[in-house]
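Here the structure is laid out as structure tokens; the discussion comes afterwards.
Whatever order the structure lists ligands and atoms in, that order sets their numbers, starting from 1.
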Amino acid sequence: MRRSFADAFGASVTYLANHFAWFGTSKHYDTLTQTFRHTPVGDFNAHHYRYAPGRSTFIVETDEATFARAGFARMEDAESRSLCQKIFADALGGHPLISNNSIWRRFPQVWNSRWHHGKYVLIGDALHTAHFSIGSGTRLAMEDAIALDRTLAEHGDDVASALPAFEAARRPIVEKLVTGANASAAWYERFAEHMALAPAEFAMSYITRSGRIDIERLRKLSPRFVARYERERG
Ligand SMILES: Cc1cc2nc3c(=O)[nH]c(=O)nc-3n(C[C@H](O)[C@H](O)[C@H](O)COP(=O)(O)OP(=O)(O)OC[C@H]3O[C@@H](n4cnc5c(N)ncnc54)[C@H](O)[C@@H]3O)c2cc1C
């Protein structure tokens, strides 16, 4: 639908430079964890978090040059999975990576300057993607659907007034989150540079990457961490 009316929607799809592969694993993680690794071919990071008992998501990410040097583009699925398993052996603690069409991709940043065209309206990832590092894409898509359903119920059959009302109500909320997601994505695009920072500075750079939390708010939430950060920074 978006492609059919791309001009009317003001649709844009831009791809981030980093490559990622989305695996599962039988390893259980207590919390969302990020693992960053230097290797002889370049730097990698993994986003891992549980989604069911005994099952976690394990997303492996690397920059374009490392992706090329490692030769992932020429590898079969099993070879690529086994190399990722080797790179993150300590984080996986002997558990395997599980493949589910885990092809290497680049993340598409989707945006539309107009949300509706005639009787057509976009919601969810078709309307806006939010980088997986903030983990909110599904929530946004569900909330879009709920908001659209409510607006249509309020406007009865009057689709021509319902769709602009839906956009007016939802746009500020979505824009705020997508702006944060894009800032987070930009941080990951340069994650190898951030890895050169001292540990506390690296952690601070990570926590504040989306611009949605600043040091004063963090001081209230994690006073010991901020005290350590300020002590180490001098
Ligand atoms: C690596 C990764 C990790 C993520 N982790 C999280 C997370 O932890 N938490 C979170 O909230 N979000 C996460 N997301 C984002 C989340 O997956 C999406 O935001 C969410 O799935 C969007 O839902 P959707 O229904 O809009 O689109 P989709 O889930 O993409 O659903 C669209 C469906 O439409 C189908 N379709 C497409 N074209 C047609 C057609 N012409 N006819 C019929 N059917 C069609 C597709 O096959 C698909 O099933 C992640 C994304 C990625 C890439």
Side-chain angles (χ1 to χ4, degrees), residues 1-6 9 11-25 27-36 44-64 67 72 77 80-81 84 87-88 91-92 97-112 115-117 119-149 163 166-167 170-171 173-189 191 206 209-210 212:
M1 189 72 69
R2 188 184 66 230
R3 281 195 208 113
S4 305
F5 303 113
F9 287 126
S12 74
V13 183
T14 46
Y15 286 86
L16 295 177
N18 279 1
H19 291 252
F20 73 90
W22 187 354
F23 297 101
T25 177
K27 166 101 176 150
H28 173 98
Y29 297 102
D30 288 334
T31 58
L32 164 68
T33 312
Q34 300 281 321
T35 302
F36 294 85
F44 290 83
N45 82 288
H47 313 235
H48 38 102
Y49 45 94
R50 69 168 185 271
Y51 68 87
R55 280 284 184 276
S56 299
T57 293
F58 202 99
I59 304 165
V60 178
E61 181 174 8
T62 190
D63 59 81
E64 213 167 1
F67 180 81
F72 283 116
D77 204 45
S80 160
R81 181 166 50 85
C84 291
I87 293 166
F88 291 103
L92 287 164
L97 283 178
I98 302 163
S99 189
N100 178 12
N101 191 25
S102 305
I103 46 162
W104 286 96
R105 296 157 51 195
R106 291 186 302 141
F107 188 83
Q109 287 181 308
V110 174
W111 185 250
N112 293 268
W115 292 18
H116 51 89
H117 167 60
K119 65 177 181 177
Y120 302 105
V121 62
L122 299 173
I123 62 170
D125 271 21
L127 173 62
H128 50 67
T129 51
H131 190 248
F132 52 81
S133 57
I134 66 154
S136 297
T138 306
R139 176 162 63 90
L140 273 182
M142 298 295 285
E143 288 173 354
D144 285 350
I146 293 166
L148 179 60
D149 178 61
L163 299 188
F166 160 72
E167 179 175 339
R170 217 32 217 147
R171 188 185 264 276
I173 301 160
V174 168
E175 280 184 346
K176 203 166 155 198
L177 230 132
V178 168
T179 302
N182 289 347
S184 177
W187 188 93
Y188 277 96
E189 290 284 272
F191 78 85
Y206 170 76
R209 73 193 184 285
S210 70
R212 299 177 75 216

Near ligand 1 (heavy atom, under 4.0 angstrom), the protein residues are Phe20, Trp22, Tyr49, Ile59, Gly124, Asp125, Phe132, Gly135, Ser136, Gly137, Thr138, Arg139, Ala141
Ser133 and Ser184 side chains, donor-acceptor separation under 3.5 Å: yes
State which residues pass side chain to side chain contact (heavy atoms under 4.5 Å, CB included) with Ser12; sequence neighbours excluded, sorted by chain then number. Trp111
For the ring pair Tyr49 and Phe58, is the centre-to-centre distance below 6.0 Å? no
Proximity of Phe20 and Trp104 rings by center, below 6.0 Å: no
Which of parallel (below 30°), tilted (30 to 60°) and perpendicular (above 60°) describes Tyr188 and Phe36? parallel
Spacing of His19 atom NE2 and Asp63 atom CG [to the nearest 0.5 Å]: 8.5 Å
